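See below for the structure under consideration.
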Amino acid sequence: MAAPPRLILPDAAVAPCALAVLPQDPSWSDLEAAYLRRGAQIAACDAARRMAVDTLMTERAMQDRLRDEGGR
């Protein structure tokens, strides 16, 4: 019987999410910049998470289809 299909996750889907950190004594501009940067980083992290889930669900659907077809 053939091995089940395996999809390769995009690099963005497996990379750890980055989050901005504040310097030791932040100024207001540091706080504002970090707030904006974190928003963008959270959006990017969520997109990567969705990509990983979509890839996993596609892989499982392929495996289910192969199993239902009897491994052909």
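These numbers come from the heavy atoms of this one structure, side chains and all, not from hydrogens, waters or symmetry mates. Please read all numbers here as calculations on a predicted model, not as lab measurements.
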I'd like to know if the side chain of Arg37 reaches the main chain of Ala20, judged simply by a donor and an acceptor atom lying under 3.5 Å from each other, with no hydrogens or angles considered.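 No, Arg37 side chain to Ala20 backbone: no donor-acceptor pair under 3.5 Å.
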Using modelled atom types only, decide if a donor and an acceptor are shared between the side chain of Gln63 and the backbone of Pro4 within a distance under 3.5 Å.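 A pair under 3.5 Å: no.
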Considering all heavy atoms, the nearest Asp30-Leu22 contact: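 Result for this residue pair: O-CD2, 3.7 Å.
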For the residue pair [X] and [Y], establish whether any side-chain heavy-atom pair is separated by less than 4.5 Å.
X     : Y     : answer
Met51 : Asp54 : no
Arg50 : Asp46 : yes
Leu9  : Leu56 : no
Leu36 : Glu32 : no

[X] [atom1] to [Y] [atom2] distance, which is reported to the nearest 0.5 Å:
X     : Y     : atom1 : atom2 : answer
Leu19 : Cys17 : CG    : SG    : 7.0 Å
Met57 : Asp64 : CE    : CG    : 9.0 Å
Glu59 : Leu7  : CD    : CG    : 5.0 Å

Check Arg65 with Asp68, please: is the shortest side-chain N to carboxylate O separation under 4.0 Å?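 Salt bridge between Asp68 and Arg65, a charged N being under 4.0 Å from a carboxylate O: no.
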